[in-house]
J.: 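Sharing a structure here in structure tokens format.
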Amino acid sequence: MSKLLINDKIEIEGSFNIEREYDKDAKPPIMYKRGILQLPKYIDEIFSIENDLYAINGVEVYKEVFASDEKDVGYEFSYKNLRRK
């Protein structure tokens, strides 16, 4: 867990993983940019995610995951920009 800043205003402990995958077989080739965010509470809309190492903008959540025995919420998302600090 790390200290995250969501939407430039919500400070919360959480974690995320991000990946970039290049599909050279697609016509035209596509760069997939996606990630998974884990937070201890639900946030309705997420546009940006930031921690000490990364700033992620253009976030679009396409899947929310809830578990019956955990309070954490999982978010699968795509993003437009990634900046390493």
Side-chain angles (χ1 to χ4, degrees):
M1 296 288 232
S2 67
K3 184 180 254 186
L4 303 179
L5 184 62
I6 306 294
N7 299 338
D8 299 319
K9 61 183 175 184
I10 302 169
E11 292 185 6
I12 189 168
E13 289 288 321
S15 63
F16 62 84
N17 295 307
I18 46 179
E19 68 177 10
R20 293 188 289 195
E21 180 181 1
Y22 185 67
D23 184 354
K24 65 180 180 179
D25 296 327
K27 303 291 184 221
I30 300 171
M31 176 68 75
Y32 294 104
K33 300 175 183 179
R34 52 191 170 220
I36 299 172
L37 172 66
Q38 190 93 14
L39 297 175
K41 71 175 199 172
Y42 182 77
I43 296 177
D44 189 34
E45 293 187 51
I46 299 173
F47 306 108
S48 66
I49 305 165
E50 188 173 342
N51 71 359
D52 290 342
L53 297 175
Y54 299 99
I56 306 167
N57 294 303
V59 172
E60 292 185 30
V61 174
Y62 57 83
K63 184 176 182 180
E64 298 174 341
V65 181
F66 305 89
S68 64
D69 59 346
E70 291 185 20
K71 65 177 184 172
D72 286 358
V73 180
Y75 302 87
E76 293 184 25
F77 63 90
S78 61
Y79 65 92
K80 293 187 178 170
N81 301 305
L82 168 66
R83 180 175 55 88
R84 186 170 174 112
K85 296 180 175 182

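What you see below is based on every heavy atom in this structure, not just the backbone, and it leaves out hydrogens, waters and symmetry mates. If you're wondering where the values come from, they're calculated on a predicted model, not measured in any experiment.
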J.: Check the hydrophobic clustering (I, L, V, M, F, W, Y; side-chain heavy atoms under 4.5 Å; chains of links allowed) and say if L53 and I12 are grouped together.
T.: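 Yes.
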
J.: Tell me whether V73 shares a hydrophobic cluster with I18, the cluster being built from Ile, Leu, Val, Met, Phe, Trp, Tyr side chains joined at under 4.5 Å.
T.: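 Same hydrophobic cluster.
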
J.: Is there a path of hydrophobic side-chain contacts, each under 4.5 Å between heavy atoms of I, L, V, M, F, W or Y residues, that connects M31 with V59?
T.: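 No; V59 is not reachable from M31 via cluster members.
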
J.: Keeping to residues at least two apart or across chains, list the side chain to side chain donor-acceptor pair (under 3.5 Å) pairs with something in residues 71-85.
T.: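 Sorted result for residues 71-85: E50-K85, Y54-R84.
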
J.: Side-chain heavy atoms nearer than 4.5 Å, only ILVMFWY residues, links allowed to pass through others: does that put Y42 and I49 together?
T.: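 Hydrophobic grouping puts Y42 with I49.
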
J.: Strictly distance-based, threshold 3.5 Å: is any side-chain N or O of N7 a donor or acceptor partner for the main-chain N or O of E45?
T.: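 Side chain of N7 to backbone of E45, a donor-acceptor pair under 3.5 Å: yes, one is there.
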
J.: If Ile, Leu, Val, Met, Phe, Trp and Tyr residues are connected whenever their side-chain heavy atoms lie under 4.5 Å apart, and connections chain through other members, are I6 and L82 in the same group?
T.: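 In one cluster with I6: L82, yes.
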
J.: Identify the heavy atoms of I56 and F16 that sit nearest to each other, and give their distance.
T.: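 Minimum heavy-atom contact is CD1-CE1, 3.7 Å.
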
J.: Within the 4.5 Å heavy-atom criterion, are E60 and Y62 side-chain neighbours or not?
T.: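 The answer is no, as the side chains (C-beta and beyond) never meet within the 4.5 Å cut-off.
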
J.: If hydrophobic residues (ILVMFWY) are linked whenever their side-chain heavy atoms come closer than 4.5 Å, directly or via other members, who joins V65 in its cluster?
T.: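 When side chains under 4.5 Å apart are linked, V65 ends up in no cluster with other residues.
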
J.: Strictly by side chain to side chain donor-acceptor pair (under 3.5 Å), give each pair with a member in residues 10-39 just once, sequence neighbours left out.
T.: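 For residues 10-39, and leaving out neighbouring residues, the side chain to side chain donor-acceptor pair (under 3.5 Å) pairs sorted by first residue read E19-R34, E21-R34.
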
J.: Can you spot which of L37, D52, I10 makes a side chain to side chain contact (heavy atoms under 4.5 Å, CB included) with L4?
T.: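 Testing L4 for a side chain to side chain contact (heavy atoms under 4.5 Å, CB included) against L37, D52, I10 leaves exactly one candidate, L37.
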
J.: Please give me the minimum heavy-atom distance between V61 and E64, naming the atom from each residue.
T.: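 Reported closest heavy-atom pair: CG1-CG, 4.1 Å.
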
